[in-house]
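As structure tokens, the structure follows; a few thoughts come after it.
So that the names make sense, note that chain A is the first sequence line, chain B the second, and so on, each numbered from 1. From a predicted model like this one, the values you see are computed outputs, not experimental measurements.
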Amino acid sequence: MRIALDPGSRDAPPRVRRLDEHGVPLGDVEVLPDLFAVARLEKEHAPRWVIARPRTYRRLLDAGVEVARAHDVELTEGLLVAADGHFGQPHGLAAAVARLEGRTPAADPLRDDDGPPALFESGPVGDELADVVAVHAAQQARLTDPRMRLLVAAESAGGLVAEEMRATGLPWRADVHDALLTEALGPRPVLGGRPPKLAVLAAEVDAAFGRRVNVDSPAEVLRAFGRVGVELETTRSWELKGVDHPAVAPLLAYKELARLHTAHGWAWLRTWVRPDGHGRGRFHPEYVVGGVVSGRWATRGGGALQIPKAVRAAVRADPGWKLVVADASQLEPRVLAALSGDHALAPDEDDLYAALAAREFGDDRAKAKLALLSAMYGAGSGSAAQLMGRLRKRFPAAMAFVDDAARAGEEGRLVRSHLGRTCPPARPGHEEPAAARARGRFTRNFVVQATAAEWALVLLADLRSDLRGAGSPARLVFFQHDEVVLHVPAEAAAATADAVQAAATTAGRRLFGATPVRFPMQARVVDGYDEH
DNA sequence: TAGGTCAGCGCC
DNA sequence: AAAGGGCGCTGACCTA
């Protein structure tokens, strides 16, 4: 059974309507006394909840209610709109209703929040429950492809996981973070100036140039090098590394530490880590499901998907608890092997790059890795393109698969992932050869990256479902493209690690059926996220 | 002063 | 060595 839900507002009670699998109402609108009544329906019927995200589930969680399954009409609308080649069109509930009624949809509201509709929204305030029911029925009628249905279910489950992770938060020890900042930068400056070690390095750069240089200004640094006879294109680290000048060493050291200070220093800690009152803290990033064209998630606030290795020691399990950190091994080449049916690309080995190096690249693992990455990213020229040529001979089916995707992009055709996520079409008026090639690199990568994101999404959905079914106390606390972190009582850690690996195998089967390609996941039980 | 873009670098 | 896909965030710098 499915149940459509309007969570109501401060002034209006929640309302539900039971639906069959096609979205046809099975009865009248029911008014609930409060959101907790949802928990009772969940227990009785275990329905798939038809909701509009994220305000709905966020409010359920705030009320202490979790649900197992959902159909998110807004996430689904985004997938369907893109599938029609209309990427970038609004896909919120109001836009979906407008489309149903043959009107031109207005832009989506800038931010989904959990408040009631604004007083002066354009047009009359609609009946959210009726809207959800109508949009859902139309979507179900369109969702005839089993792969697309799997994608919709996984995307919707992702919406649930994202809200749960936001609410739970990633365990973050502010004291550990502070200690490692002090170790790297010196004591925290009281008035917000440069930390001591940064000041020292900046002074060393000044001394090397014999004049005052603002090390934070790339333009000024370029001019300073120009004056001493060193002509640089940029001040990027890799370019500076090739320069023989006494300013280079302190400058590189400065850039690295300055990055730590500005991006993940004390200001970040104060802004993003909320103390829980027990000497611990939690980092609560907001995940944006489907926020990236390829279906990868984005985050809002705190740069959660760019936590540098240097501060990961601050992510520590609570006393008596463990972290289970699991990442998929070489996911993208395995996905390409399964997608293209070129199974020789992914033999039954844990390290694909090493295996490929042994067979083709004289045991040079770095070369093998570069060749494979170039195949999936597209290499324009140079040695990488040469390496791709060797792959083309050895793995013709796999290379033909990505080459086809690249050609489709260059010709302005739509490209889709394995489950049916659609790459946005090229903007008209960009037919110059350089733009077309760039487009080709984009679509070449899209088919692999988007399918890898689908695998990870299905893994996440299955894992969540398995853990719930087993009554596990483990909590998902972090998800980053091909990696998951769970926070779990120590006694349940080993079983949780097993569950992750099982879910990885299941995800491979759900996407690709009886493929011989394995999708191994390394799951480690640790106290800190920095441990390997 | 407020807003945008760019350069640079963190992550996958 | 340093080229090829996807992001978010920061300070510098420029414009209105």
Can you find a side-chain donor-acceptor pair between [X] and [Y] that sits under 3.5 Å?
| X | Y | result |
| --- | --- | --- |
| A/Glu163 | A/Tyr287 | no |
| A/Asp351 | A/Gln330 | yes |
| A/Tyr254 | A/Arg259 | no |

Only counting residues at least two apart or in another chain, list the ones meeting side-chain contact (heavy atoms from CB on, under 4.5 Å) with [X].
| X | value |
| --- | --- |
| A/His284 | A/Arg274, A/Arg282 |
| A/Thr235 | A/Pro218, A/Val221, A/Leu222, A/Lys255 |
| A/Gln480 | A/Leu305, A/Arg312, A/Phe478, A/Glu483, A/Tyr529 |
| A/Glu220 | A/Val213, A/Asn214, A/Ser217, A/Arg223 |

Interatomic distance where [atom1] belongs to [X] and [atom2] belongs to [N] [whole Å]:
| X | N | atom1 | atom2 | answer |
| --- | --- | --- | --- | --- |
| A/Glu233 | C/dA3 | CD | P | 11 Å |
| A/Lys241 | B/dG8 | NZ | C1' | 13 Å |
| A/Arg194 | C/dG11 | CZ | C1' | 12 Å |
| A/Leu240 | B/dC9 | CG | P | 8 Å |
| A/Tyr287 | C/dC7 | OH | P | 18 Å |
| A/Trp297 | C/dG8 | CH2 | P | 15 Å |
| A/Leu269 | C/dT10 | CG | P | 14 Å |
| A/Met388 | C/dG5 | CE | C1' | 12 Å |

Looking only at side-chain atoms of A/Thr262, point me to the closest of B/dG8, C/dG11, C/dG5. C/dG11
Of the options C/dG4, C/dA12, C/dC7, whose atoms approach the side-chain atoms of A/Asp216 most closely? C/dA12
If a pair satisfies side chain to side chain donor-acceptor pair (under 3.5 Å) and one of its residues is in residues 176-187 of chain A, list it, with sequence neighbours excluded. A/Trp172-A/His177, A/Asp178-A/Trp266
Report which part of the nucleic acid A/Gly291 touches: base, sugar-phosphate, or nothing (heavy-atom distance under 4.0 Å, all strands). nothing
Tell me what A/Gly242 touches on the nucleic acid: a base, only sugar-phosphate, or nothing, going by heavy atoms under 4.0 Å. nothing
Using residues 400-412 of chain A as the side-chain source, report each donor-acceptor pair under 3.5 Å to any protein atom, sequence neighbours left out, with the distance given to one decimal.
residue, atom, partner, partner atom, Å
A/Asp403, OD1, A/Arg392, NH2, 3.2
A/Asp403, OD1, A/Arg444, NH1, 3.2
A/Asp403, OD1, A/Arg444, NH2, 3.0
A/Asp403, OD2, A/Arg392, NE, 3.1
A/Asp403, OD2, A/Arg392, NH2, 3.2
A/Asp404, OD1, A/Arg407, NH1, 3.1
A/Glu411, OE1, A/Arg413, NH1, 2.2

With A/Arg227, which residues qualify under salt bridge (charged side-chain N to carboxylate O under 4.0 Å, His left out), at least two apart? none
Listed partners of A/Arg437 passing salt bridge (charged side-chain N to carboxylate O under 4.0 Å, His left out), at least two apart: none
Enumerate all atom pairs, one protein N or O and one N or O from nucleotides 10-12 of chain B, separated by less than 3.5 Å.
residue, atom, partner, partner atom, Å
B/dG10, O4', A/Arg259, NE, 3.3
B/dG10, O4', A/Arg259, NH2, 3.4
B/dG10, N2, A/Gln306, OE1, 3.4
B/dC11, OP1, A/Lys309, N, 3.1
B/dC11, O3', A/Arg312, NH2, 3.1
B/dC12, OP2, A/Lys309, NZ, 3.1
B/dC12, O3', A/Asp482, OD1, 2.5
B/dC12, O3', A/Asp482, OD2, 3.1
B/dC12, O2, A/Arg296, NH1, 2.8
B/dC12, O2, A/Arg296, NH2, 3.2

By ring pair (Phe, Tyr, Trp, His ring centres under 6.0 Å) - contacts of A/His481 (at least two apart): none
Nearest-nucleotide comparison on DNA chain C, the residue closer to the 5′ end among A/Ser294 and A/Trp238: A/Trp238
DNA chain C contacts made by residues 328-342 of chain A, counting heavy atoms under 4.0 Å: none
Identify all pairs in which a protein N or O lies below 3.5 Å from an N or O of nucleotides 13-16 of chain C, and state each distance.
residue, atom, partner, partner atom, Å
C/dC13, OP1, A/Ser217, OG, 2.3

